[in-house]
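We count residues from 1, following the sequence as given. As the structure lists them, so they are numbered: ligands from 1, and atoms in each ligand from 1.
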Amino acid sequence: MSHPELFDLTFAHVDCDAFYASVEKRDNPLLRDKPVIVGHPGGRGVVTTACYIARRYGPRSAMPMFKAMALCPDAVVIPPEMAKYKRVSQSIRALFAKATPLIEPVSLDEAYLDLSPGIRLIDRPAAVLLVRLARAIERDIGVTVSVGLSYNKSLAKLASDRDKPRGFSVIGRAEAVSLLATLPATAIHGIGAATARRLAAEGITRVDQLQALPEAALVARLGKFGRTLSRLVQGDDPRQVVADRPCKSVSTETTFSQDLAGFGPLTEALRMLAGSLEGRLRRAGLAGGTVVLKLKTADFQSVSRQTRLPDPTQRASVLFEHALPLLRRMADGRAYRLIGIGADHLVPAEQADPPDLFTAGPHP
Ligand code: TTP
Ligand code: MG
């Protein structure tokens with residue numbers, strides 16, 4: 001595998017290949033070279049999973065079983081055993097957790113992983129960790145996965161589907177837009193059947209056509225989603241990987257006795273709060289990968305802004321320094337009744353604040 005951006009990309013999507021069928025083959029080696037369909041046999045059932053051998057004959061997920069059997073009469077049909085697939089899914093998750101705490105499962109067989117330097121638990125490039133993970137899953141759990149690696153979630157997901165089964169596919173910044181241009185509109189995350197029909201009614205069926213439209217034209221057609229879409233088709237997806245585990249945030253806030261406006265006074269309040277946030281993080285043995293600024297306007301509107309830190313930290317000075325530009329943008333004359341600062345994307349304190357040459361300090 002070679003790619004100029006291989007060692008810079010940190011967003012991964014990992015998706016098991018023909019998941020339920022692979023688990024059944026693992027548990028019964030006699031099935032290994034046979035077409036296997038997982039689903040309830042009989043008249044009204046549908047295919048839940050068709051293994052890759054069965055797929056050669058046409059059966060697919062959600063196809064009526066009678067149709068799948070007509071296409072592939074030799075298929076071995078196995079009723080699904082969800083509890084088992086759930087256990088396998090948890091074992092896979094346990095392997096992910098060795099690489100990163102930031103895991104966002106989407107279903108039993110797929111998850112996003114954030115393997116950026118401030119987050120990952122092993123100091124190797126994401127690509128290396130992913131190859132190791134895929135190998136470990138195959139060896140220890142007995143199913144195969146396909147990996148997508150990119151610089152955001154939707155492209156990582158797109159990538160994981162491009163080289164199935166047992167794939168490893170990379171989409172870099174340099175080729176994202178031109179690659180998207182070759183795809184059907186339905187390849188874009190969020191374009192479901194209904195949206196696709198609406199676009200097709202106007203002759204729009206491909207991503208390059210969407211790329212050619214200004215944002216306003218997409219908003220006119222699709223409302224708020226048009227704005228998201230105009231970014232997605234340019235390879236731009238701001239969504240973070242969100243851990244499903246109670247990776248709760250730590251925060252602190254203060255309500256002013258009188259509403260406060262202006263950058264100066266708000267800055268002073270923020271500086272105080274950053275100090276108390278550091279104390280809270282230290283007590284909890286945690287460090288924040290993201291700093292969150294929260295404000296409430298005089299008329300009770302809550303606004304929050306956040307920014308990713310270069311490395312997870314417990315330090316008030318770092319939290320403050322990164323929250324300040326967020327505050328600068330919000331301190332536009334509006335009066336605020338409350339300000340707060342929080343740390344999100346928490347990691348154990350051991351992974352925080354790599355020591356540098358200038359802080360040979362008192363901390364052990
Ligand atoms: P998918 O990841 O969509 O499919 P897959 O893992 O079987 O195959 P692929 O190699 O293409 O990823 O779905 C994961 C599991 O979810 C699948 O094994 C069964 C279940 N599933 C359903 O029950 N119904 C469905 O319509 C689909 C698509 C999946
Ligand atoms: Mg799958």
Side-chain angles (χ1 to χ4, degrees), residues 11-28 31-69 71-72 75-93 95-96 103-113 130 133-138 141-150 153-171 183-184 186-194 196 244:
F11 279 75
H13 181 261
V14 182
D15 190 302
C16 299
D17 303 320
F19 184 49
Y20 301 174
S22 305
V23 174
E24 296 303 339
K25 288 194 178 200
R26 173 197 77 168
D27 292 350
N28 181 357
L31 297 175
R32 209 187 63 189
D33 302 318
K34 301 222 162 77
V36 167
I37 288 177
V38 177
H40 290 287
R44 292 158 54 80
V46 295
V47 173
T48 309
T49 315
C51 78
Y52 278 80
I53 297 173
R55 286 184 205 188
R56 279 194 231 149
Y57 302 93
R60 293 286 183 273
S61 293
M63 183 181 280
M65 192 61 86
F66 72 86
K67 191 172 167 197
M69 292 312 290
L71 290 165
C72 184
V76 180
V77 178
I78 301 172
E81 197 187 319
M82 293 310 297
K84 179 161 75 174
Y85 310 141
K86 211 169 268 175
R87 283 197 303 276
V88 175
S89 178
Q90 278 159 2
S91 325
I92 294 174
R93 171 81 85 88
L95 291 179
F96 289 160
I103 304 163
E104 180 178 336
V106 183
S107 66
L108 285 186
D109 94 317
E110 57 177 307
Y112 292 101
L113 309 182
L130 288 163
L133 267 176
R135 234 190 266 146
I137 292 167
E138 210 167 314
I141 298 177
V143 301
T144 63
V145 298
S146 293
V147 174
L149 175 61
S150 192
K153 280 170 84 170
S154 55
L155 291 170
K157 165 113 179 151
L158 202 64
S160 75
D161 213 29
R162 286 177 68 77
D163 189 28
K164 263 184 169 296
R166 225 170 162 256
F168 193 106
S169 169
V170 176
I171 300 177
L183 299 176
T186 49
I188 299 292
H189 178 83
I191 300 195
D244 71 324

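Numbered from 1 in the order shown, with element, the atoms of ligand 1 that lie under 4.0 Å from a heavy atom of Lys164 read 9 (P), 10 (O), 11 (O), 12 (O). For ligand 1, the atoms lying closer than 4.0 Å to a non-hydrogen atom of Cys16 are 6 (O), 9 (P), 10 (O), 12 (O).
Remark: side-chain polar atoms of Ser89 are not paired, donor with acceptor, to backbone N or O of Asp109 under 3.5 angstrom. Arg60 places a side-chain N or O within 3.5 Å of a backbone atom of Arg55 that can act as its donor or acceptor partner.
In this structure, of Asp109, Val106, Asp161, the residue bringing a heavy atom nearest to atom 13 (O) of ligand 1 is Asp109. Among Leu108, Thr48, Val143, the residue whose heavy atom lies closest to atom 22 (C) of ligand 1 is Thr48.
Counting only protein N, O or S atoms, 3 lie closer than 2.8 Å to the Mg ion (ligand 2).
For the pair Lys153 and Tyr112, the cation-pi criterion (under 6.0 Å, within 45° of the ring axis) is fulfilled. Judged by a 6.0 Å distance limit and a 45° cone about the ring axis, Arg93 is not positioned over the six-membered ring of Phe96.
Backbone and side-chain nitrogen or oxygen atoms of Ala18 are examined, and one is located within less than 3.5 angstrom of a nitrogen or oxygen of ligand 1. Between Glu110 and ligand 1, not a single N/O pair is under 3.5 Å apart.
Taking 4.0 Å as the cut-off, Ser107 does not count as a neighbour of ligand 1 on heavy-atom distance. At least one heavy atom of Tyr52 lies less than 4.0 angstrom from ligand 1.
What sits closest to atom 11 (O) of ligand 1 on the protein, heavy atoms only, is Arg55 NH1, 3.1 Å. Among protein heavy atoms, the minimum distance from atom 26 (O) of ligand 1 is reached at Ser61 CB, 3.9 Å. The protein heavy atom nearest to atom 7 (O) of ligand 1 is Thr49 CG2, 3.0 Å.
Glu24 and Tyr85 are linked by a side-chain donor-acceptor pair at a separation below 3.5 angstrom, with hydrogens and angles left out of the test. Side-chain atoms of Asp17 and Ser22 include no donor-acceptor pair closer than 3.5 Å.
Only the side chain of Asp15 comes within 4.0 Å of ligand 1, judged by heavy-atom distances. Of the heavy atoms in Ser146, none comes closer than 4.0 Å to ligand 1.
At a threshold of 4.5 Å between non-hydrogen side-chain atoms, the residues Met82 and Leu108 count as touching. When side chains are defined from C-beta on, Val36 does not count as touching Ile53, because their heavy atoms never get closer than 4.5 Å.
Annotation: Arg26, atom CZ; neighbour count of heavy atoms from other residues, nucleotides and ligands within 6.0 Å is above 12.
With respect to Tyr20, the side chain to side chain contact (heavy atoms under 4.5 Å, CB included) criterion is satisfied by exactly one of Ile37, Thr49, Val143: Thr49.
Atom 3 (O) of ligand 1 is never approached by the protein to below 4.0 angstrom, counting heavy atoms only.
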| task | Carefully, step by step, assess Ser160 and Asp15 under the rule side chain to side chain donor-acceptor pair (under 3.5 Å). | result | CA-CA 7 Å; Ser160 75; Asp15 190 302; 5.1 Å; no

| said: What verdict does the side-chain contact (heavy atoms from CB on, under 4.5 Å) test give for Arg162 and Ile171, after you've listed the backbone C-alpha separation in whole Å, the side-chain angles of each residue and the deciding distance to 0.1 Å? | reply: CA-CA 10 Å; Arg162 286 177 68 77; Ile171 300 177; 4.3 Å; yes

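The minimum heavy-atom distance linking His40 with Met65 is given by the pair O-CE, 3.4 Å.
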